[in-house]
Visitor: 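Structure incoming, see below.
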Amino acid sequence: MPVAFIIGTAGSGKSLFTAALSEWLKMSKQDVAVVNLDPGALKLPYSPDVDVRNYVDVGDIMEKYGLGPNGALIMAADLIADEIDNITKDIEAADADLVLVDTPGQMELFAFRASGPYIVNELTKEPKAIVYLFDAVFSINPLNYVSNMFLSAAVYNRFFQPQIHLLSKCDLLPEKEIETITDWASSPRALEDSIEQKLEGTKRLFSRNMMHAIYKLGIKFMLLPVSAKTNNGLTNINTALERILTGGEKYTF
Ligand SMILES: Nc1nc2c(ncn2[C@@H]2O[C@H](COP(=O)(O)OP(=O)(O)OP(=O)(O)O)[C@@H](O)[C@H]2O)c(=O)[nH]1
Ligand SMILES: [Mg+2]
């Protein structure tokens with residue numbers, strides 16, 4: 001079954017987006033399973049069909065190895081890879097037509113350690129997509145936006161899977177601000193203009209050079225606005241995901 005991995009910096013809205021999209025898909029009579037891959041999650045806004053916390057317990061790791069919370073999370077991220085057979089079995093047992101995977105809070109634990117790409121490769125040989133979240137409130141500053149582009153390019157370079165970008169929490173910004181940010185994604189010129197207008201000195205120089213470096217890589221992603229509170233944007237995101245995962249067909253007929 002096709003799998004979409006939801007990735008983004010800490011607090012960017014991964015878990016709530018996973019909840020909103022899965023609920024929305026269920027209402028559209030699509031058979032979806034949700035996997036929680038975050039061993040450190042205390043409370044989730046959805047009930048996972050498959051939960052890594054059944055196999056890896058951060059509290060136990062802290063106690064057993066005398067680690068602090070961050071050390072334990074790093075160890076937990078690596079231990080998940082050893083549980084891949086169990087997690088795969090659980091996913092197969094869920095027997096859905098689409099799997100949404102909510103990844104660990106701290107993105108670097110998943111994207112920048114060996115275990116993340118290993119898990120993405122091992123979990124399924126069927127089509128996969130990476131859904132990368134840009135927090136809208138954070139992205140309103142062109143310097144932050146460009147930094148996030150850089151992070152998303154680094155994530156692409158770790159997984160080399162089709163990747164779509166979401167502008168999350170759009171209900172928190174006026175429509176006009178959302179348009180400005182989505183324009184940056186579709187037009188390098190618009191981004192460059194904003195960098196010139198809103199930034200100065202070293203910040204301007206740094207953002208401009210970083211932006212050019214990213215464009216030189218030749219990667220281009222669309223940026224789709226979404227709110228997991230109002231469900232605005234879910235239709236477009238689903239269409240983009242269907243295109244990647246099923247060639248534009250529904251998951252469940
Ligand atoms: N207004 C608004 N708030 C949101 C939205 N999505 C997430 N949030 C809030 O942002 C905070 C973080 O959301 P989460 O879904 O937990 O984000 P996350 O990326 O899973 O966070 P971690 O796993 O802890 O790194 C929570 O307080 C959410 O209620 C949204 O679309 N709109
Ligand atoms: Mg989360």
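Remember, it's 1-based here, ligands and their atoms both numbered in the order they're listed.
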Visitor: Is the backbone of Gly105 close enough, under 3.5 Å, to the side chain of Asp38 for a donor and an acceptor to pair up by distance?
Guide: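 At least one qualifying donor-acceptor pair exists.
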Visitor: Determine whether the aromatic ring centres of residues Phe221 and Tyr156 are separated by less than 6.0 angstrom.
Guide: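 Close enough - the centres of the two rings lie under 6.0 Å apart.
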Visitor: What atoms in ligand 1 come closer than 4.0 Å to a heavy atom of Ser227?
Guide: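 So the atoms of ligand 1 that pass are 31 (O).
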Visitor: Taking atom types as modelled, find out whether Glu242 and Asn238 have a side-chain donor-acceptor pair closer than 3.5 angstrom.
Guide: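 Note: Glu242 and Asn238 side chains meet the donor-acceptor criterion.
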Visitor: For atom 18 (P) of ligand 1, what's the nearest protein heavy atom and its distance?
Guide: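 I find the closest protein heavy atom is Lys14 N, 3.4 Å.
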Visitor: Is the backbone of Pro117 close enough, under 3.5 Å, to the side chain of Asn121 for a donor and an acceptor to pair up by distance?
Guide: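 Yes, because the side chain of Asn121 sits within donor-acceptor range (under 3.5 Å) of the backbone of Pro117.
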Visitor: Could you tell me whether atom 26 (C) of ligand 1 has a protein heavy atom closer than 4.0 Å?
Guide: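 No, no protein heavy atom sits under 4.0 Å from atom 26 (C) of ligand 1.
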Visitor: Looking only at heavy atoms, is any part of Leu172 under 4.0 Å from ligand 1, and if so is it the side chain, the backbone, or both, or is it neither?
Guide: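 Only the side chain of Leu172 comes within reach of ligand 1.
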Visitor: So is there a nitrogen or oxygen of Asp102 less than 3.5 Å from a nitrogen or oxygen in ligand 1?
Guide: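 No, no N or O pair falls under 3.5 Å.
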Visitor: Would the distance check show the side chain of Ser168 and the main-chain N or O of Phe134 forming a donor-acceptor pair, the cut-off being under 3.5 Å?
Guide: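 Yes.
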Visitor: In the protein, what heavy atom is nearest to atom 28 (C) of ligand 1, and what distance, to one decimal place, separates them?
Guide: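 Of the protein heavy atoms, Leu16 CD2, 4.1 Å lies nearest.
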Visitor: Short question: side chain of Lys250, backbone of Thr246 - any donor-acceptor pair under 3.5 Å?
Guide: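 Not confirmed, Lys250 side chain does not pair with Thr246 backbone.
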Visitor: Look at Glu196 together with Arg204 and state whether they make a salt bridge at an N to O cut-off of under 4.0 Å.
Guide: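 A salt bridge links Glu196 with Arg204.
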Visitor: Using only atom types and a distance under 3.5 Å, with no angle test, would you say the side chain of Asp57 pairs donor to acceptor with the backbone of Asp60?
Guide: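 Yes, the answer is positive, given that a donor and an acceptor are paired below the 3.5 Å cut-off.
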Visitor: Would you say Gly8 touches ligand 1, if touching means a heavy atom closer than 4.0 Å?
Guide: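 Per 4.0 Å heavy-atom rule, Gly8 does not contact ligand 1.
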Visitor: Among all protein non-hydrogen atoms, which one is nearest to atom 10 (O) of ligand 1, and what is the separation to 0.1 Å?
Guide: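 Atom 10 (O) of ligand 1 sits closest to the protein heavy atom Lys169 NZ, 3.2 Å.
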Visitor: Please work out which of Gly233, Pro45, Ala10, Ala228 has its closest non-hydrogen atom nearest to atom 31 (O) of ligand 1.
Guide: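 The option holding the nearest heavy atom is Ala228.
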Visitor: Flag Thr18 as yes if one of its N/O/S atoms falls below 2.8 Å of the Mg ion (ligand 2), otherwise no.
Guide: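 Checking Thr18: none of its N, O or S atoms is under 2.8 Å.
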Visitor: Please write down residue, atom name and distance for the protein heavy atom closest to atom 12 (C) of ligand 1.
Guide: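 The closest one turns out to be Gly11 O, 3.7 Å.
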Visitor: For atom 13 (O) of ligand 1, what is the nearest protein heavy atom, given as residue, atom name and distance?
Guide: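 Looking only at protein heavy atoms, the one closest to atom 13 (O) of ligand 1 is Gly13 CA, 3.8 Å.
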Visitor: Report yes if Ser15 has an N/O atom closer than 3.5 Å to an N/O atom of ligand 1; otherwise report no.
Guide: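 Yes, at least one N or O pair falls under 3.5 Å.
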Visitor: Run the contact test for Ser168 against ligand 1 with a 4.0 Å cut-off on heavy atoms, strictly below, and give the result.
Guide: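 The answer is no: ligand 1 sits nowhere under 4.0 Å from a heavy atom of Ser168.
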Visitor: Starting from atom 1 (N) of ligand 1, which protein heavy atom do you reach first, and at what distance in Å?
Guide: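 For atom 1 (N) of ligand 1, the nearest protein heavy atom is Asp171 OD2, 2.8 Å.
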Visitor: Using only atom types and a distance under 3.5 Å, with no angle test, would you say the side chain of Lys128 pairs donor to acceptor with the backbone of Val120?
Guide: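 Yes.
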Visitor: Would you say Lys125 has more than 12 foreign heavy atoms packed within less than 6.0 Å of its NZ?
Guide: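 Yes, NZ of Lys125 has more than 12 neighbouring heavy atoms, counting only those of other groups under 6.0 Å.
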Visitor: Could you check atom 23 (O) of ligand 1 against the protein and tell me its nearest heavy-atom contact, residue, atom and distance included?
Guide: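 In this structure, atom 23 (O) of ligand 1 has Gly105 CA, 3.3 Å as its nearest protein heavy atom.
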Visitor: Tell me if the aromatic rings of Phe110 and Phe159 count as close, with their centers under 6.0 Å from one another.
Guide: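 Yes.
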Visitor: Students should be able to answer this: which protein heavy-atom is nearest to atom 29 (O) of ligand 1, and at what distance?
Guide: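 Atom 29 (O) of ligand 1 sits closest to the protein heavy atom Lys229 NZ, 3.6 Å.
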